[in-house]
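Chain letters run A, B, ... following the sequence lines, proteins first, then strands; residues in each count from 1.
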There are 2 protein chains.
Amino acid sequence: MPSAIESLLTSNIRPSIQRMRILDYLRQKKNHPTVETIFNDLAPEIPTLSKTTVYNTLQLLKENGLVISLDLGEGYIRYDADTSPHLHFECEKCGGVFDIFMAPEDLRKKLPAGFVLKETRVYAFGVCAKCAKVNG
Amino acid sequence: MPSAIESLLTSNIRPSIQRMRILDYLRQKKNHPTVETIFNDLAPEIPTLSKTTVYNTLQLLKENGLVISLDLGEGYIRYDADTSPHLHFECEKCGGVFDIFMAPEDLRKKLPAGFVLKETRVYAFGVCAKCAKVNG
DNA sequence: GTGTCTGCAAACGATTTGCAAATTA
DNA sequence: TAATTTGCAAATCGTTTGCAGACAC
(Lines give C-alpha, C1' and ligand atoms only; values in the text may rest on other atoms or scores of the structure.)
Protein backbone atom coordinates (compact mmCIF):
# COMPACT_ATOMS: atom_id res chain seq x y z
CA MET A 1 0.00 0.00 0.00
CA PRO A 2 1.52 3.35 -1.01
CA SER A 3 1.67 6.07 1.65
CA ALA A 4 -0.98 8.74 1.82
CA ILE A 5 1.24 11.32 0.16
CA GLU A 6 2.14 8.89 -2.61
CA SER A 7 -1.53 8.05 -3.22
CA LEU A 8 -2.42 11.73 -3.41
CA LEU A 9 0.41 12.57 -5.81
CA THR A 10 -0.51 9.62 -8.02
CA SER A 11 -4.01 11.07 -8.28
CA ASN A 12 -2.64 14.55 -8.99
CA ILE A 13 -4.04 15.85 -5.71
CA ARG A 14 -1.88 18.40 -3.94
CA PRO A 15 -0.89 16.79 -0.65
CA SER A 16 -1.93 19.37 1.91
CA ILE A 17 -1.63 18.58 5.60
CA GLN A 18 -5.39 18.27 5.87
CA ARG A 19 -5.69 15.87 2.95
CA MET A 20 -2.82 13.66 4.11
CA ARG A 21 -4.11 13.45 7.66
CA ILE A 22 -7.69 12.71 6.62
CA LEU A 23 -6.59 9.93 4.27
CA ASP A 24 -4.21 8.56 6.91
CA TYR A 25 -6.96 8.67 9.50
CA LEU A 26 -9.34 6.69 7.29
CA ARG A 27 -6.69 4.09 6.60
CA GLN A 28 -5.93 3.62 10.27
CA LYS A 29 -9.46 3.68 11.65
CA LYS A 30 -11.38 0.75 10.27
CA ASN A 31 -14.69 1.76 11.85
CA HIS A 32 -16.17 3.70 8.92
CA PRO A 33 -16.21 7.12 10.56
CA THR A 34 -18.55 9.99 9.76
CA VAL A 35 -17.56 13.56 8.94
CA GLU A 36 -18.41 14.46 12.54
CA THR A 37 -16.10 11.77 13.94
CA ILE A 38 -13.25 12.59 11.59
CA PHE A 39 -13.54 16.28 12.41
CA ASN A 40 -13.68 15.73 16.18
CA ASP A 41 -10.71 13.37 16.16
CA LEU A 42 -8.47 15.52 13.97
CA ALA A 43 -9.41 18.94 15.35
CA PRO A 44 -7.04 18.68 18.35
CA GLU A 45 -3.97 18.18 16.16
CA ILE A 46 -5.16 20.54 13.39
CA PRO A 47 -6.78 23.32 15.45
CA THR A 48 -7.89 25.40 12.47
CA LEU A 49 -9.54 22.45 10.72
CA SER A 50 -13.08 23.08 9.53
CA LYS A 51 -15.84 20.67 8.67
CA THR A 52 -16.01 22.24 5.24
CA THR A 53 -12.49 21.04 4.55
CA VAL A 54 -13.39 17.56 5.76
CA TYR A 55 -16.37 17.54 3.40
CA ASN A 56 -14.30 18.92 0.51
CA THR A 57 -11.49 16.46 1.07
CA LEU A 58 -13.73 13.41 1.34
CA GLN A 59 -15.48 14.35 -1.89
CA LEU A 60 -12.12 14.79 -3.61
CA LEU A 61 -10.80 11.47 -2.30
CA LYS A 62 -13.98 9.73 -3.36
CA GLU A 63 -13.90 11.22 -6.86
CA ASN A 64 -10.37 9.88 -7.22
CA GLY A 65 -11.27 6.43 -5.96
CA LEU A 66 -9.17 6.65 -2.80
CA VAL A 67 -12.16 6.15 -0.48
CA ILE A 68 -15.71 4.89 -0.76
CA SER A 69 -18.80 6.12 1.03
CA LEU A 70 -21.47 4.14 2.86
CA ASP A 71 -25.04 5.20 3.37
CA LEU A 72 -26.64 2.85 5.88
CA GLY A 73 -29.73 4.99 6.17
CA GLU A 74 -28.64 6.53 9.45
CA GLY A 75 -29.00 10.08 8.19
CA TYR A 76 -25.31 10.62 7.59
CA ILE A 77 -22.58 9.20 5.39
CA ARG A 78 -19.71 7.01 6.52
CA TYR A 79 -16.37 6.69 4.77
CA ASP A 80 -14.06 3.75 4.18
CA ALA A 81 -10.50 3.81 2.83
CA ASP A 82 -10.72 0.13 1.89
CA THR A 83 -11.77 0.30 -1.75
CA SER A 84 -11.56 -3.43 -2.42
CA PRO A 85 -14.90 -5.11 -3.14
CA HIS A 86 -16.61 -6.00 0.09
CA LEU A 87 -19.89 -5.52 1.88
CA HIS A 88 -20.89 -4.00 5.19
CA PHE A 89 -22.72 -5.37 8.19
CA GLU A 90 -24.31 -3.02 10.69
CA CYS A 91 -25.11 -4.28 14.18
CA GLU A 92 -28.53 -3.07 15.30
CA LYS A 93 -27.49 -3.30 18.95
CA CYS A 94 -24.12 -1.52 19.15
CA GLY A 95 -24.30 0.34 15.83
CA GLY A 96 -20.90 -1.00 14.78
CA VAL A 97 -20.18 -1.41 11.08
CA PHE A 98 -18.11 -4.42 10.04
CA ASP A 99 -16.36 -5.21 6.78
CA ILE A 100 -17.40 -8.54 5.33
CA PHE A 101 -15.16 -9.90 2.61
CA MET A 102 -17.36 -12.38 0.84
CA ALA A 103 -19.82 -12.60 -2.02
CA PRO A 104 -23.41 -11.66 -1.16
CA GLU A 105 -24.63 -15.21 -1.83
CA ASP A 106 -22.41 -16.48 1.01
CA LEU A 107 -23.86 -14.06 3.58
CA ARG A 108 -26.35 -16.52 5.02
CA LYS A 109 -23.96 -19.44 5.37
CA LYS A 110 -20.45 -18.08 5.82
CA LEU A 111 -21.11 -15.15 8.13
CA PRO A 112 -18.44 -14.86 10.87
CA ALA A 113 -19.21 -17.03 13.91
CA GLY A 114 -21.83 -15.55 16.22
CA PHE A 115 -23.19 -12.99 13.79
CA VAL A 116 -26.97 -13.02 13.29
CA LEU A 117 -28.27 -11.86 9.90
CA LYS A 118 -31.65 -10.15 9.91
CA GLU A 119 -31.86 -8.29 6.62
CA THR A 120 -29.87 -7.52 3.50
CA ARG A 121 -30.32 -4.62 1.14
CA VAL A 122 -28.84 -4.80 -2.33
CA TYR A 123 -28.61 -1.77 -4.55
CA ALA A 124 -27.36 -2.03 -8.11
CA PHE A 125 -26.25 0.91 -10.22
CA GLY A 126 -25.71 1.16 -13.94
CA VAL A 127 -27.62 1.95 -17.11
CA CYS A 128 -31.08 0.62 -17.90
CA ALA A 129 -31.93 -1.02 -21.22
CA LYS A 130 -33.70 2.02 -22.60
CA CYS A 131 -30.89 4.47 -21.81
CA ALA A 132 -28.22 2.01 -22.96
CA LYS A 133 -29.93 1.77 -26.35
CA VAL A 134 -30.15 5.53 -26.77
CA ASN A 135 -26.66 6.45 -25.61
CA GLY A 136 -24.85 3.44 -27.05
CA MET B 1 -53.54 -9.23 -2.59
CA PRO B 2 -55.97 -7.84 -0.02
CA SER B 3 -57.32 -4.35 -0.63
CA ALA B 4 -55.72 -1.36 1.07
CA ILE B 5 -58.48 -1.13 3.66
CA GLU B 6 -58.22 -4.86 4.41
CA SER B 7 -54.44 -4.61 4.81
CA LEU B 8 -54.80 -1.66 7.17
CA LEU B 9 -57.45 -3.36 9.29
CA THR B 10 -55.38 -6.52 9.50
CA SER B 11 -52.54 -4.43 10.92
CA ASN B 12 -54.91 -2.70 13.34
CA ILE B 13 -54.41 0.62 11.59
CA ARG B 14 -57.47 2.81 11.39
CA PRO B 15 -58.22 3.20 7.69
CA SER B 16 -58.37 6.94 7.20
CA ILE B 17 -58.81 8.38 3.73
CA GLN B 18 -55.22 9.55 3.74
CA ARG B 19 -53.82 6.17 4.75
CA MET B 20 -55.90 4.25 2.23
CA ARG B 21 -55.01 6.55 -0.64
CA ILE B 22 -51.29 6.59 0.18
CA LEU B 23 -51.14 2.80 0.37
CA ASP B 24 -53.20 2.49 -2.82
CA TYR B 25 -50.95 4.97 -4.56
CA LEU B 26 -47.84 3.02 -3.63
CA ARG B 27 -49.38 -0.22 -4.86
CA GLN B 28 -50.34 1.29 -8.19
CA LYS B 29 -47.20 3.30 -8.89
CA LYS B 30 -44.28 0.94 -9.25
CA ASN B 31 -41.69 3.71 -9.60
CA HIS B 32 -40.62 3.97 -5.96
CA PRO B 33 -41.89 7.49 -5.30
CA THR B 34 -40.56 9.94 -2.76
CA VAL B 35 -42.58 11.82 -0.15
CA GLU B 36 -42.49 14.83 -2.45
CA THR B 37 -43.91 12.87 -5.38
CA ILE B 38 -46.59 11.19 -3.32
CA PHE B 39 -47.64 14.51 -1.83
CA ASN B 40 -47.73 16.32 -5.18
CA ASP B 41 -49.74 13.56 -6.85
CA LEU B 42 -52.31 13.17 -4.07
CA ALA B 43 -52.71 16.83 -3.12
CA PRO B 44 -55.17 17.59 -5.96
CA GLU B 45 -57.64 14.95 -4.80
CA ILE B 46 -57.01 15.50 -1.05
CA PRO B 47 -56.64 19.31 -0.96
CA THR B 48 -55.98 19.49 2.78
CA LEU B 49 -53.24 16.83 2.67
CA SER B 50 -50.01 17.80 4.38
CA LYS B 51 -46.52 16.43 3.99
CA THR B 52 -46.51 15.67 7.70
CA THR B 53 -49.33 13.21 7.15
CA VAL B 54 -47.47 11.61 4.28
CA TYR B 55 -44.40 11.23 6.51
CA ASN B 56 -46.49 9.92 9.42
CA THR B 57 -48.36 7.46 7.25
CA LEU B 58 -45.29 6.08 5.53
CA GLN B 59 -43.60 5.52 8.86
CA LEU B 60 -46.71 3.75 10.15
CA LEU B 61 -46.98 1.57 7.04
CA LYS B 62 -43.31 0.72 7.25
CA GLU B 63 -43.50 -0.21 10.93
CA ASN B 64 -46.32 -2.59 10.07
CA GLY B 65 -44.48 -4.15 7.16
CA LEU B 66 -46.86 -2.86 4.50
CA VAL B 67 -44.15 -0.93 2.67
CA ILE B 68 -40.37 -0.85 2.56
CA SER B 69 -38.09 2.13 2.14
CA LEU B 70 -35.13 2.57 -0.18
CA ASP B 71 -32.19 4.86 0.37
CA LEU B 72 -30.20 5.05 -2.83
CA GLY B 73 -28.04 7.86 -1.52
CA GLU B 74 -29.93 10.53 -3.42
CA GLY B 75 -30.62 12.58 -0.30
CA TYR B 76 -34.21 11.43 0.08
CA ILE B 77 -36.04 8.20 0.76
CA ARG B 78 -38.13 6.25 -1.71
CA TYR B 79 -40.96 3.90 -0.83
CA ASP B 80 -42.09 0.59 -2.30
CA ALA B 81 -45.29 -1.31 -1.54
CA ASP B 82 -43.77 -4.54 -2.86
CA THR B 83 -42.43 -6.15 0.30
CA SER B 84 -41.33 -9.40 -1.32
CA PRO B 85 -37.57 -9.97 -1.33
CA HIS B 86 -36.03 -8.22 -4.28
CA LEU B 87 -33.30 -5.75 -5.11
CA HIS B 88 -33.24 -2.40 -6.80
CA PHE B 89 -31.41 -1.10 -9.83
CA GLU B 90 -30.96 2.62 -10.35
CA CYS B 91 -30.19 3.95 -13.81
CA GLU B 92 -27.49 6.61 -13.67
CA LYS B 93 -28.80 8.19 -16.88
CA CYS B 94 -32.55 8.52 -16.40
CA GLY B 95 -32.65 8.08 -12.61
CA GLY B 96 -35.27 5.35 -12.89
CA VAL B 97 -35.40 2.69 -10.18
CA PHE B 98 -36.23 -0.84 -11.29
CA ASP B 99 -37.25 -3.88 -9.28
CA ILE B 100 -35.02 -6.86 -9.89
CA PHE B 101 -36.36 -10.18 -8.71
CA MET B 102 -33.30 -12.34 -8.44
CA ALA B 103 -30.60 -13.32 -5.99
CA PRO B 104 -27.67 -10.95 -5.78
CA GLU B 105 -25.27 -13.57 -7.11
CA ASP B 106 -27.21 -13.64 -10.38
CA LEU B 107 -26.95 -9.89 -10.94
CA ARG B 108 -23.95 -10.07 -13.24
CA LYS B 109 -25.25 -12.86 -15.45
CA LYS B 110 -29.04 -12.74 -15.43
CA LEU B 111 -29.67 -9.01 -15.56
CA PRO B 112 -32.53 -8.11 -17.92
CA ALA B 113 -31.44 -7.73 -21.53
CA GLY B 114 -29.75 -4.44 -22.30
CA PHE B 115 -29.03 -3.44 -18.70
CA VAL B 116 -25.43 -2.50 -17.91
CA LEU B 117 -24.25 -3.14 -14.35
CA LYS B 118 -21.64 -0.71 -13.03
CA GLU B 119 -21.69 -1.14 -9.26
CA THR B 120 -23.48 -3.03 -6.50
CA ARG B 121 -23.77 -2.05 -2.85
CA VAL B 122 -24.71 -4.69 -0.32
CA TYR B 123 -25.69 -3.76 3.20
CA ALA B 124 -26.38 -6.43 5.81
CA PHE B 125 -28.17 -5.79 9.09
CA GLY B 126 -28.38 -7.92 12.21
CA VAL B 127 -26.50 -8.50 15.43
CA CYS B 128 -22.73 -8.81 15.70
CA ALA B 129 -21.03 -11.66 17.56
CA LYS B 130 -20.22 -9.57 20.61
CA CYS B 131 -23.77 -8.22 21.07
CA ALA B 132 -25.32 -11.63 20.30
CA LYS B 133 -23.24 -13.15 23.09
CA VAL B 134 -24.24 -10.50 25.63
CA ASN B 135 -27.94 -10.31 24.83
CA GLY B 136 -28.49 -13.98 24.07
C1' DG C 1 -66.22 13.17 25.86
C1' DT C 2 -61.97 10.92 25.20
C1' DG C 3 -58.40 9.41 22.43
C1' DT C 4 -56.63 9.47 17.77
C1' DC C 5 -55.42 11.77 13.52
C1' DT C 6 -54.29 15.64 10.78
C1' DG C 7 -51.66 19.49 9.30
C1' DC C 8 -49.57 24.10 9.99
C1' DA C 9 -45.46 26.15 11.47
C1' DA C 10 -41.20 25.89 13.53
C1' DA C 11 -37.13 23.23 14.57
C1' DC C 12 -33.57 20.11 13.33
C1' DG C 13 -29.27 18.47 11.36
C1' DA C 14 -26.32 16.80 7.72
C1' DT C 15 -24.55 18.74 3.78
C1' DT C 16 -23.71 22.56 0.42
C1' DT C 17 -22.55 27.10 -1.00
C1' DG C 18 -20.56 32.02 -1.12
C1' DC C 19 -16.75 34.26 -0.46
C1' DA C 20 -12.68 36.29 1.62
C1' DA C 21 -8.39 35.20 3.96
C1' DA C 22 -4.48 32.16 3.90
C1' DT C 23 -1.42 29.32 1.50
C1' DT C 24 1.30 27.56 -2.25
C1' DA C 25 3.80 27.41 -6.57
C1' DT D 1 1.04 37.44 -8.09
C1' DA D 2 -1.85 34.08 -9.84
C1' DA D 3 -4.07 29.83 -8.77
C1' DT D 4 -5.38 26.84 -5.30
C1' DT D 5 -6.96 25.68 -0.71
C1' DT D 6 -9.00 26.59 3.52
C1' DG D 7 -12.64 27.75 6.70
C1' DC D 8 -16.20 30.84 8.59
C1' DA D 9 -20.93 31.90 8.12
C1' DA D 10 -25.10 31.48 5.89
C1' DA D 11 -28.14 28.82 3.09
C1' DT D 12 -30.31 24.55 1.68
C1' DC D 13 -33.49 20.87 2.07
C1' DG D 14 -35.37 16.44 3.53
C1' DT D 15 -37.19 15.11 7.70
C1' DT D 16 -38.89 15.59 12.56
C1' DT D 17 -41.31 17.76 16.24
C1' DG D 18 -44.79 20.70 18.96
C1' DC D 19 -49.13 21.52 19.32
C1' DA D 20 -53.90 22.95 18.39
C1' DG D 21 -57.90 21.98 15.85
C1' DA D 22 -60.57 18.24 13.51
C1' DC D 23 -62.26 13.79 13.57
C1' DA D 24 -63.65 9.05 15.10
C1' DC D 25 -65.45 5.80 18.39
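The distance from atom CG of Leu8(B) to atom P of dT4(C) is 17 Å, rounded to the nearest whole Å. Atoms CE (Met20(A)) and C1' (dT24(C)) sit 13 Å apart, rounded to a whole Å. To the nearest angstrom, P of dG14(D) lies 13 Å from CG of Asp71(B). Between the CZ atom of Phe39(B) and the P atom of dC13(D) there is a distance of 17 Å, rounded to whole Å. The NZ-P distance, from Lys62(B) to dT15(D), rounds to 11 Å in whole Å. Spacing between atom CG of Leu9(A) and atom P of dT24(C) amounts to 15 Å, rounded to whole angstrom units. Taking atom CG on Asn12(A) and atom C1' on dT4(D), their separation rounds to 14 Å, with Å as the unit. Glu63(B) places its CD atom 14 Å from the C1' atom of dT16(D), with the value rounded to the nearest Å.
Side-chain contact between Val97(A) and Leu70(A): present, with at least one pair of heavy atoms (C-beta onward) separated by less than 4.5 Å.
Among residues at least two apart or in separate chains, ring-ring contact (aromatic ring centres under 6.0 Å, His included) pairs with a member in residues 53-86 of chain B are His86(B)-His88(B), His86(B)-Phe101(B).
Residues satisfying the side-chain contact (heavy atoms from CB on, under 4.5 Å) criterion with Ser11(A), sequence neighbours excluded, are Ile13(A), Asn64(A), Leu66(A). With sequence neighbours excluded, no residue forms a side-chain contact (heavy atoms from CB on, under 4.5 Å) with Pro44(A). With sequence neighbours left out, the side-chain contact (heavy atoms from CB on, under 4.5 Å) criterion links Ala4(A) to Leu23(A), Asp24(A).
Under a 3.5 Å cut-off, the side chain of Glu6(A) and the backbone N or O of Ser3(A) do form a donor-acceptor pair. When atom types are taken as modelled, the side chain of Arg121(A) and the backbone of Tyr123(B) share no donor-acceptor pair closer than 3.5 angstrom.
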Please write out each protein N/O paired with an N/O of nucleotides 20-25 of chain D under 3.5 Å, distance rounded to 0.1 Å.
| from | atom 1 | to | atom 2 | distance (Å) |
| --- | --- | --- | --- | --- |
| dA24(D) | O4' | Arg14(B) | NH2 | 3.3 |

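The side-chain tip of Lys118(B) does not point at the ring of Phe125(A) from less than 6.0 angstrom away and within 45° of straight on.
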Subject >> Under 4.0 Å protein heavy-atom contact, by nucleotide of nucleotides 7-22 of chain C - B base, S sugar-phosphate only >> reply: BBB----SBBB-----

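Under a hydrophobic clustering in which Ile, Leu, Val, Met, Phe, Trp and Tyr are joined whenever their side-chain heavy atoms come within less than 4.5 Å, directly or via other members, Val35(B) and Ile68(B) fall into different clusters.
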